[in-house]
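We name chains A, B, ... by the order of the sequence lines, and we start the count at 1 in each one.
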Amino acid sequence: MIKLTLPDGSVREYAAGVTGADVAASIGARLAKDALAIKVGDRVRDLSWPITADAPIQILTFDSPEGREVFWHSSAHLMAQAVTEVLPGTKLAIGPPIEEGFYYDFDPPRPFTTDDLEKFEKRMGEIVAEDAPFVRKECSLAEARKTFGDRQEKYKLEILEKIEGEEQQASMYSHSRFQDLCRGPHVPSTGRLKSFKLLSIAGAYWRDAEGNPQLQRIYGVSFPDKKRLEEFVQRREEAKKRDHRHLGKQLKLFSIQEGSGAGLVLWHPKGAFIRRKIEEFWYKRHQESGYELVYSPHIARLKLWDVSGHTGFYAENMFPPFDVENNPHQLKPMNCPFHILIYQSDLQSYRDLPKRWAEMGTVYRFERGGVLHGLFRVRGFTQDDAHIFCRRDQVEEEIGTVLDFCLSIYGAFGFNDVSISLSTRPAKAIGEEADWQMAEEALRNAIVRRGKTYKVDEGGGAFYGPKIDLHVKDAIGRPWQCGTIQFDFNLPERFDLTYVGTDGKKHRPVMVHRALLGSLERFFGILIEHHAGVFPVWLAPEQAIILSVTEKVNDYAAQLQRELETAGVRVRLDDRPEKIGMKIREAETLKIPYMLVVGDRESQSHSVAVRAHGGQDLGTKSVAEFAELIHSQDGPAGDSVTQP
RNA sequence: GCCCAUGUAGCUCAGUCGGUAGAGCACAUCCUUGGUAAGGAUGAGGUCACCGGUUCAAAUCCGGUCGUGGGCUCCA
């Protein structure tokens, strides 16, 4: 008999050789039905795997990340069978699960088309209906080589070459008429893979290396039931509706035009208004929080970037230098060297630290054409940057303060679900081991002391220091990386930064880079998608629009506009001779928070009929009441609202 | 940068087999004075992204460039 420990700590006894399927069945019928795989110790196995020794186990279902991985991996095999059957001669590369779904890379006799996807899906459905079991078979490497050699699966042979030396045996998984080289594990049978959807076709290099043959990748996603697939489809549609590129055009917020250049953003008046609101708020909060504002130029002598090292390690992201009176100059990809020059311009005493210098600094980075994407990936953007120069004994408190500051800023924009990751020392790093430990400790403590949880990205730090990255979750649950807090052991050395300590000697300060929103462009894009274009009152360029029912009340409407403007409300008047339904429709599509319908009734009682965006009727209000309503919402979330 | 797709009116998009261009919305003018998501009429608006090639003839076929989209790659 062997003892298996369940996740809840309970121990059950089974005969040696018991399978995951048996164990699941012994626990409950529901679990047996949902079980996809089993975790034995820290290895995930097929449900048919015989367990021969005591171990902690966990039955994996679709509700666990590992269960989903297995499910999607099996789905990739399912798709591969369909593709090879529909398009014989298609060679197989690899087909792993990904964050949400799976893909498989193929080398087909001809490129796939969108129509192909439907054919593949149809065949996949047939294979699911077969409910064919996934069967694992171990074989020698030589045997595997022969199998795939016969089938002229050159990519599989390459994988086998790589495995050689690492493994003694190869494993094959087959189901229905399909067999693939695979480590596994897999779900018990194709019948589990009920609901799936093939999403897109993309090019991808074999082994992700440019220069290698380009393969055709098909992305797909699958779920154990229809409902979850429908939810997924709905989520995608919702995301599409919120796409900041469409909303940006529809609401006249910004544009990126061929005439000015790819990846370069034009802020139109309404977008610029919102940006200005964000900036004003940002400046105010920084000044209240011990930062001093600085400005720096957009270009500098190339020499500066030599000293900072950017011409070396950052060259591929910089625009080419240009000549200024025989002096090469460089468009700035970062703000830090300028802040450092400010630091160096004076003798710094320990008494004066920390220095916290913040700047909305516009930087230009060369991004390859193919990666540009709306406001999310651009070539010119404004970082909400700051650099903190401090003593070692100040580090931990500084980091903590930055973290608090950051979270409060996110809260003001309605982002309260923030996830934190800590990236530690990479293999290739500069600086002393002790410094790294100190820095990582400081970052860790700052997070832990605030009772926050965090993920560790081992080795994910920059070569010059560890960092914290902050991700905000938007209204439909998507995470976006915004903030970053990074230690830098590199630049203080390169620029030989010092301060005079209590001992009268020179000491090296610690430098921390930080951005909260990241880039204004990107953050604006996130805000647009988060709010689906319906900006909160404090950011909305137009907070309300007066809609006159007939031209007879236009005088009253105009008077109303003056009164509301005097009361500090951003209000526009639509007094065109159009029907009220038409005006409402337009105001709705413009996503103006409040519509004020005025006709004879309102004109006589000196009031407004308030309709909120989306259709909610807030009834009739006096001018003062409505102005009060706007004032109560005219500030960042959680901020005390300033009365005009 | 690479692969695939794509670029037609301000926007969304038709345009068949190569025969010199269309709709809806938006815009302008006029009519309509209408109470919570599209009232009507008329009109104007295009070097079919750009450059080159094939052809009697190119929005259409071919090549290149640029932009955009989905990916890949990269990401101090």
Side-chain angles (χ1 to χ4, degrees), chain A residues 98 103 105 108 110-114 199-219 240 243 245-246 249-250 252 255-264 305 308-318 333-337 363 365-374 377 383 423 426 430 460-465 467 481 484 486-488 490-491 513 515 547-554 575-590 595-603 609-618 620:
Chain A
I98 53 176
Y103 69 80
D105 283 345
R110 61 158 176 86
F112 297 136
T113 68
T114 319
L199 302 170
S200 61
I201 306 168
Y205 295 102
W206 167 235
R207 291 195 187 288
D208 282 346
E210 284 182 27
N212 276 351
Q214 179 115 25
L215 305 171
Q216 295 254 307
R217 174 172 299 178
I218 300 180
Y219 284 93
K240 206 170 162 191
D243 191 319
R245 292 165 302 180
H246 294 301
K249 195 174 270 178
Q250 189 193 333
K252 302 184 181 180
S255 65
I256 298 171
Q257 301 183 31
E258 197 172 344
S260 47
L264 301 169
W305 306 100
S308 69
H310 287 99
T311 50
F313 62 74
Y314 206 62
E316 63 178 32
N317 278 299
M318 297 186 345
M334 299 196 187
N335 303 303
C336 20
V363 298
R365 297 182 183 178
F366 174 71
E367 301 280 3
R368 293 160 133 204
V371 306
L372 299 174
H373 181 91
R377 199 69 184 268
Q383 288 182 304
S423 299
I430 61 147
F463 74 89
Y464 51 78
K467 63 171 179 177
Q481 202 216 305
T484 183
Q486 309 194 352
F487 267 87
D488 192 336
N490 184 39
L491 291 179
H513 307 248
L547 310 175
S548 58
V549 176
T550 74
E551 283 185 314
K552 279 184 296 190
V553 295
N554 277 357
D575 60 1
R576 294 171 306 165
E578 292 290 350
K579 296 182 87 160
I580 192 66
M582 174 68 158
K583 294 185 183 183
I584 285 170
R585 184 186 147 77
E586 282 194 14
E588 284 287 348
T589 59
L590 290 172
M595 280 154 262
L596 307 177
V597 177
V598 297
D600 283 334
R601 293 201 291 272
E602 290 74 20
S603 166
V610 184
R611 173 190 163 120
H613 171 81
Q616 197 194 354
D617 183 359
L618 300 185
T620 303

Check: How is Ala609(A) classified with respect to the nucleic acid when contacts are heavy atoms under 4.0 Å: base, sugar-phosphate, or nothing?
Finding: base

Item checked: Residues forming a ring pair (Phe, Tyr, Trp, His ring centres under 6.0 Å) with Phe313(A), sequence neighbours excluded -> His310(A), Phe463(A)

Next item on the list: Identify which nucleotide among U36(B), C72(B), U12(B) has an atom closest to any side-chain atom of Lys249(A), counting heavy atoms from C-beta outward.
Entry: U12(B)

Checklist line | Which residues share a side chain to side chain donor-acceptor pair (under 3.5 Å) with Ser603(A), sequence neighbours left out | finding: none

Next item on the list: Using the C1' atom on both, measure C72(B) against G52(B) and round to a whole Å.
Entry: 31 Å

Check: Contact class for Gln383(A) vs. all strands (heavy atom < 4.0 Å): base, sugar-phosphate, or nothing?
Finding: nothing

What protein N or O atoms touch nucleotides 25-30 of chain B N or O atoms at under 3.5 angstrom, if any, and at what distances?
none

Check: Arg576(A): what forms a side-chain contact (heavy atoms from CB on, under 4.5 Å) with it, not counting sequence neighbours?
Finding: Asp574(A), Glu578(A), Lys583(A), Glu586(A)

Check: Base, sugar-phosphate alone, or nothing: which one does Ile584(A) contact when heavy atoms must sit under 4.0 Å apart?
Finding: base

Notebook entry, point to check: How far does the C1' atom of A38(B) sit from the matching atom of U32(B), given to the nearest Å?
Noted result: 15 Å

Check: Considering only side-chain heavy atoms of Thr550(A), which listed nucleotide, U36(B), G34(B), G71(B), is closest?
Finding: G34(B)

Check: How is Asp600(A) classified with respect to the nucleic acid when contacts are heavy atoms under 4.0 Å: base, sugar-phosphate, or nothing?
Finding: base

Item checked: Nucleotide nearest Pro577(A) (side chain, heavy atoms from C-beta), chosen from G35(B), G34(B), C74(B) -> G34(B)

Next item on the list: Whenever both distances are under 3.5 Å in a Watson-Crick or G-U wobble pair, mark it; put RNA chain B into dot-bracket that way, with [ ] for crossing pairs and | when the partner is on another strand.
Entry: (((((((..((((.....[..)))).(((((.......))))).....(((((..]....))))))))))))....

Check: Where each residue is assigned the nucleotide of RNA chain B containing its nearest heavy atom, which of Gly614(A) and Cys336(A) is assigned the position nearer the 5′ end?
Finding: Gly614(A)

Notebook entry, point to check: For atom P, what is the distance between U54(B) and A59(B), given to the nearest Å?
Noted result: 16 Å

Checklist line | Over all atoms of both residues, closest heavy-atom pair of Glu316(A) and Phe366(A) | finding: O-CD2, 3.6 Å

Between the protein and nucleotides 67-70 of chain B, which nitrogen or oxygen pairs are less than 3.5 angstrom apart?
residue, atom, partner, partner atom, Å
G69(B), OP1, Arg245(A), NH1, 3.2
G69(B), O3', Arg245(A), NH1, 3.2
G70(B), OP1, Arg245(A), NH1, 3.4
G70(B), OP1, Arg245(A), NH2, 3.3
G70(B), OP2, His373(A), ND1, 3.0

Next item on the list: Describe the nucleic acid contact of Met334(A) in one word from base, sugar-phosphate, nothing, applying a heavy-atom distance below 4.0 Å.
Entry: base

Check: Taking N and O atoms by type only, does the side chain of Glu316(A) place a donor or acceptor under 3.5 Å from a partner on the base of G1(B)?
Finding: no

Check: Within less than 4.0 Å of OP1 or OP2 of C74(B), is there a side-chain N or O belonging to Tyr314(A)?
Finding: no

Notebook entry, point to check: Of the nucleotides C4(B), C74(B), G35(B), which has the atom closest to the Arg377(A) side chain?
Noted result: C74(B)

Next item on the list: Please tell me which of the listed nucleotides, A38(B), U36(B), C72(B), lies nearest to the side chain of Arg585(A)?
Entry: A38(B)

Check: Hey, is the main chain of Asp575(A) close enough, under 3.5 Å, to the side chain of Asn554(A) for a donor-acceptor pair?
Finding: yes

Check: If every non-hydrogen atom of Ile256(A) is compared with every non-hydrogen atom of Leu264(A), which pair is closest and at what distance?
Finding: CG2-O, 3.6 Å

